[in-house]
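Not measured: the values here are computed from a predicted model. Just so it is clear: chains get the letters A, B, ... in the order the sequence lines come, proteins before strands, and each one is counted from 1.
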Amino acid sequence: MPQETTTNIDPAALLDAAFRTAIATALEEPDGDFDPVIRVAQNPEFGDYQCNAAMAVAKQRQLKPRDLAERIIEAVDLGDLAEPPEVAGPGFINIRLKPEALGSMLESIDEQGLGLPQPGEGHSIAVDLCGVNVAKQMHVGHLRSTIIGDAIARLHERLGWTVHRENHLGDWGLPIAMTLTALRDAGTDLRSLELEDLNTAYRDAQLSGKPDRRGLEGAHANGCGPHRIIELEEQNAGSDEAITRAKDTLIKLQSGDAALVDDWNAIIDCTMREVFDTLAMLNVKIGPEHNRGESFYKDILPEVVEAFIAAGLGIEDDGAIVVRFEDRDRPLLIRKSDGGFLYATTDLAAIRHRVRTLDSDRLVYVVDARQRDHFKDVFGAAHLIGWDRTEKDVQSDLHHLPFGAVLGKDKKPLKTRSGENFTLRALLEEAIERGSKEVIARSEDEHAPTHGATEEELRAIGRAVGIAAVKYADLSSGVVKDYVFDLDRMIAFEGDTGPYILYAHARICSIIARGRAAGLSSEDAPFKITTPEERRLAIALLRYRRTVTETTDQLEPHRLCGYLHELANQYSAFYQACPVLKADDEATRRSRLRMCDLVRRTLEDGLDLLGIEAPERM
RNA sequence: GCCCCGGUAGCUCAGUUGGAUAGAGCAGCGGACUUCUAAUCCGCAGGUCGAAGGUUCGAAUCCUUCCCGGGGUGCCA
């Protein structure tokens with residue numbers, strides 16, 4: 001993606017363009033197009049960047065790699081960007097940027113948008129996230145979908161996309177009908193419904209359905225893995241009788257029974273009040289306006305199935321309607337033999353809505369990795385019928401972003417002491433409590449900038465620290481893997497953690513405040529890159545643009561996390577080695593202060609893309 | 001049975017899509033504070049990249065087979 005190669009913003013892009021041309025010249029092919037394989041140098045002794053194309057191209061052309069590399073550096077025109085490149089090893093080309101070039105590039109990214117492009121303009125994305133179920137409290141299972149989804153949404157927004165956050169609530173179907181039945185049996189007044197009542201009703205509904213105790217015991221006895229055990233514990237397999245009654249309720253609800261519809265709305269309201277409370281703790285941009293539950297699609301499900309049948313893709317099999325695929329035996333069931341619809345049917349309706357009505361050319365489903373096969377099939381079916389193309393016939397990219405499980409320290413599903421599932425609220429409250437404790441303890445030191453702050457201020461900082469710890473820990477490792485929820489490790493103020501990055505940010509705020517107090521302005525100060533620490537910090541800053549675009553393209557938030565950690569780390573090294581306010585001359589003080597400001601804004605912006613707030617003091 | 005995911009330092013994890021001596025953090029050891037916030041920084045030590053073959057100038061990365069762990073697998077979501 002060598003876009004905007006003429007803008008003075010991204011060294012990698014500039015080098016890419018220069019070496020692309022140089023390779024063509026060296027090969028005497030004016031119109032040749034070869035990937036120059038520009039990479040950040042791994043080792044400072046190799047310079048800042050390297051071009052690794054010579055070996056591969058030489059092999060393809062039966063040339064000697066080193067000779068070709070020599071010809072390339074002969075041909076390349078780097079202007080004032082870099083020192084003359086050098087050939088090393090089997091044909092690597094090492095590149096060292098000129099300090100003046102670094103300064104002028106920093107100049108270019110030192111603007112409101114930090115040099116980020118807007119490739120999403122004219123594009124729309126729908127992000128399926130959160131995925132709460134009505135009548136159930138949020139638990140750890142919702143944590144990842146919510147914060148990863150929110151980060152994906154924020155990244156796209158930042159790059160100019162129109163973003164639709166889709167909270168695909170489980171607000172329809174048998175489980176809801178069972179809960180409604182249980183509530184009515186208990187004679188609960190739904191106008192004053194409390195979460196507690198709802199929990200009880202849900203549990204009663206489960207009990208009346210005789211959960212599969214035997215299966216669960218068997219799973220433990222056979223040493224089944226955590227996923228299987230979660231599944232069985234959450235299983236809501238019911239007795240025939242309870243299910244029959246729930247089906248009656250569902251039919252009445254479906255036909256618009258006014259009293260039932262009122263009750264249904266009441267339990268949704270009750271659930272969502274609690275959900276939005278919890279989401280507020282998490283600092284995610286998800287509100288009632290993003291609700292679009294299963295019930296939204298309920299009336300078009302027959303039409304979905306009919307469309308597949310009409311296209312010859314929906315085949316009757318054993319009384320059910322299935323979609324078959326060429327490359328696998330497993331079919332996708334879209335209508336049961338009793339005429340009922342399945343979640344696959346709803347998901348197909350949702351795809352059509354998101355692609356056609358919302359006009360999204362990218363769909364991302366932030367859903368548990370266990371649903372891989374399901375999404376493969378649903379996407380496959382959508383593709384067969386052509387619902388993955390927009391009204392303007394643009395191919396939409398459909399992605400399932402599968403994430404792993406959150407486990408306890410024993411590597412088994414996370415439980416409270418009493419053996420119950422952790423509610424998300426309880427988990428977050430504990431994190432906030434821990435964060436507050438640490439912040440308050442620190443503030444007792446009379447040299448601490450937070451010394452003398454009010455209890456309220458300290459708690460606000462503690463909240464930010466606790467939530468940052470949880471979110472960073474979740475987002476910073478690859479999304480597909482399971483991870484162990486270990487608050488001690490997450491909240492540690494040293495190492496690759498959220499608080500570490502927050503700390504770097506707070507230190508910069510402090511230095512800027514002192515600079516301002518001393519009447520020092522960094523505005524329009526020329527960047528002077530002299531020390532190795534300044535150099536490394538400059539290059540780190542210049543990598544922000546590419547990091548954000550790649551993180552967004554690849555849907556890998558942990559890349560941005562890794563970047564922010566490295567930037568914070570480079571800053572700390574710079575901070576240690578390069579006095580800012582105490583530098584010898586004014587030009588250096590101003591240059592360094594401006595650099596501090598740029599780092600601060602980059603950290604703040606990057607953290608914001610992850611949904612993490614950065615306090616000014618801690 | 002079939003399909004999918006994972007296996008990298010004592011622990012937790014990266015590894016820029018095939019590049020140089022495989023990198024971070026934690027834990028361990030040794031240094032640096034009358035602080036522009038030491039919640040930090042610098043250094044040392046730590047590896048059969050699950051195993052064996054193969055592809056090539058070059059493999060943690062691609063191919064094949066196998067081992068271990070986890071997940072999924074037709075009318076739940």
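- Judged by the 6.0 Å distance and 45° axis criteria, A:Arg507 is positioned over the aromatic ring of A:Tyr575.
- Distance noted for atom C1' between B:rC76 and B:rG72: 14 Å (whole Å).
- Side-chain contact annotation: A:Thr588 with A:Asp585, donor-acceptor N/O pair under 3.5 Å present.
- A:Gln42 has a side-chain polar atom (N or O) that falls below the 4.0 Å cut-off from OP1 or OP2 of B:rA20.
- For the P atoms, the distance from B:rG70 to B:rG31 is 45 Å, rounded to whole Å.
- Across B:rG71 and B:rG28, the matching P atoms stand 34 Å from one another, rounded to whole Å.
- The phosphate of B:rC36 has neither OP1 nor OP2 within less than 4.0 Å of any side-chain N or O from A:Ser510.
- Taken residue by residue, residues 461-471 of chain A places no heavy atom nearer than 4.0 Å to RNA chain B.
- For CG of A:Asp329, the number of neighbouring non-hydrogen atoms (other residues, nucleotides, ligands) closer than 6.0 Å is 12 at most.
- Comparing the C1' positions of B:rA51 and B:rG46 gives an interatomic distance of 23 Å, to the nearest angstrom.
- Dashed line: the shortest gap from a side-chain N or O of A:Arg489 to OP1 or OP2 of B:rA27 is not under 4.0 Å.
- The shortest distance between the side-chain N/O atoms of A:His374 and the OP1/OP2 oxygens of B:rU73 is not below 4.0 Å.
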Give the table of side-chain donor-acceptor pairs shorter than 3.5 Å for residues 53-67 of chain A, with sequence neighbours excluded, one pair per line with atom names and distance.
residue	atom	partner	partner atom	Å
A:Arg61	NH1	A:Glu29	OE2	2.7
A:Arg61	NH2	A:Glu29	OE2	2.9
A:Arg66	NH1	A:Gly89	O	2.7

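- For A:Glu556, the CD atom sits in a packed shell: over 12 heavy atoms of surrounding residues, nucleotides or ligands are nearer than 6.0 Å.
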Dump the pairs, protein N or O against N or O of nucleotides 40-47 of chain B, anything under 3.5 Å, distances to one decimal.
residue	atom	partner	partner atom	Å
B:rU40	OP1	A:Phe493	O	2.8
B:rU40	O2'	A:Arg507	NH1	3.4
B:rC41	OP1	A:Tyr500	OH	2.5
B:rC41	OP1	A:Asn569	ND2	2.7
B:rC41	O4'	A:Gln576	OE1	3.4

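- Both A:Gln371 and A:Val322 lie near RNA chain B, and the one whose nearest nucleotide falls closer to the 5' end is A:Val322.
- Between the P atom of B:rC76 and the CG atom of A:Asp347 lies a distance of 16 Å, rounded to the nearest Å.
- The six-membered or imidazole ring of A:Tyr343 lies near that of A:His374, with a centre-to-centre distance under 6.0 Å.
- Just one residue in the list A:Asp16, A:Asn52, A:Leu14, A:Ile93 forms a side-chain contact (heavy atoms from CB on, under 4.5 Å) with A:Ile38, and that residue is A:Asp16.
- Taking both residues in full, the closest heavy atoms of A:Leu542 and A:Asp10 are given as O-OD1, 4.4 Å, listed atom of the first, atom of the second, then distance.
- The pairing partner recorded for B:rU64 is B:rA52, the criterion being a Watson-Crick or G-U wobble arrangement whose two distances lie under 3.5 angstrom.
- Proximity note for A:His558 (side chain, C-beta onward) versus B:rG74, B:rG15, B:rG25: the nearest is B:rG15.
- The CG-P distance, from A:Asn52 to B:rC57, rounds to 17 Å in whole Å.
- At the phosphate of B:rC57, neither OP1 nor OP2 sits under 4.0 Å from any side-chain N or O atom of A:Lys59.
- Comparing the C1' positions of B:rG25 and B:rA45 gives an interatomic distance of 16 Å, to the nearest angstrom.
- In this structure, A:Tyr503 has its ring center no closer than 6.0 Å to that of A:Tyr500.
- One C1' atom belongs to B:rA9, the other to B:rC29, and the distance between them is 16 Å to the nearest Å.
- Pair check for B:rU73 finds B:rG1; Watson-Crick or G-U wobble, both atom distances under 3.5 Å.
- Residues that satisfy the side-chain contact (heavy atoms from CB on, under 4.5 Å) test with A:Glu457, not counting sequence neighbours, are A:Ala453, A:Thr454, A:Arg617.
- With distances taken from any side-chain atom of A:Glu550 to the nucleotides B:rC36, B:rA14, B:rU16, the minimum falls on B:rU16.
- The base of B:rG70 is not paired with the side chain of A:Asp482 by any donor and acceptor separated by under 3.5 Å.
- Here the nucleotide nearest the side chain of A:Arg39, chosen from B:rU17, B:rC13, B:rC36, is B:rU17.
- The base of B:rA77 lies outside donor-acceptor range of the side chain of A:Asp368, with no N or O pair under 3.5 Å.
- Between A:Tyr544 and A:Tyr563, the ring centre distance stays below 6.0 Å.
- B:rC33 and B:rG50 are spaced 43 Å apart, taking the P atom of each and rounding to whole Å.
- Place A:Lys582 and A:Thr497 on RNA chain B by their nearest nucleotides, and A:Thr497 ends up nearer the 5' end.
- Pairing of B:rC36, defined by two Watson-Crick or G-U wobble distances under 3.5 Å, is not identified with any nucleotide.
- To the nearest angstrom, P of B:rG18 lies 17 Å from CD1 of A:Ile38.
- For B:rG30, the paired nucleotide is B:rC42, the pair qualifying as Watson-Crick or G-U wobble because both relevant distances are below 3.5 Å.
- A donor atom on one side chain and an acceptor atom on the other are found under 3.5 Å apart for A:Ser295 and A:Asp171.
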Protein-nucleotides 2-7 of chain B N/O pairs closer than 3.5 Å?
residue	atom	partner	partner atom	Å
B:rG7	OP1	A:Lys481	NZ	3.4

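- Residues satisfying the ring-ring contact (aromatic ring centres under 6.0 Å, His included) test with A:Phe375, not counting sequence neighbours, are A:Tyr365, A:Phe379, A:His400.
- In this model, the phosphate group of B:rU12 is approached by a side-chain N or O of A:Lys411 to a distance below 4.0 Å at OP1 or OP2.
- Atom name P, nucleotides B:rG19 and B:rG74: the rounded distance is 40 Å, in whole Å.
- The aromatic ring of A:Phe92 does not stack onto the base of B:rG19, failing the criterion of a centre distance under 5.5 Å from the six-membered base ring together with planes under 30° apart.
- Shown here, B:rA14 forms no base pair; nothing in the strands shown gives a Watson-Crick or G-U wobble contact with both key distances under 3.5 Å.
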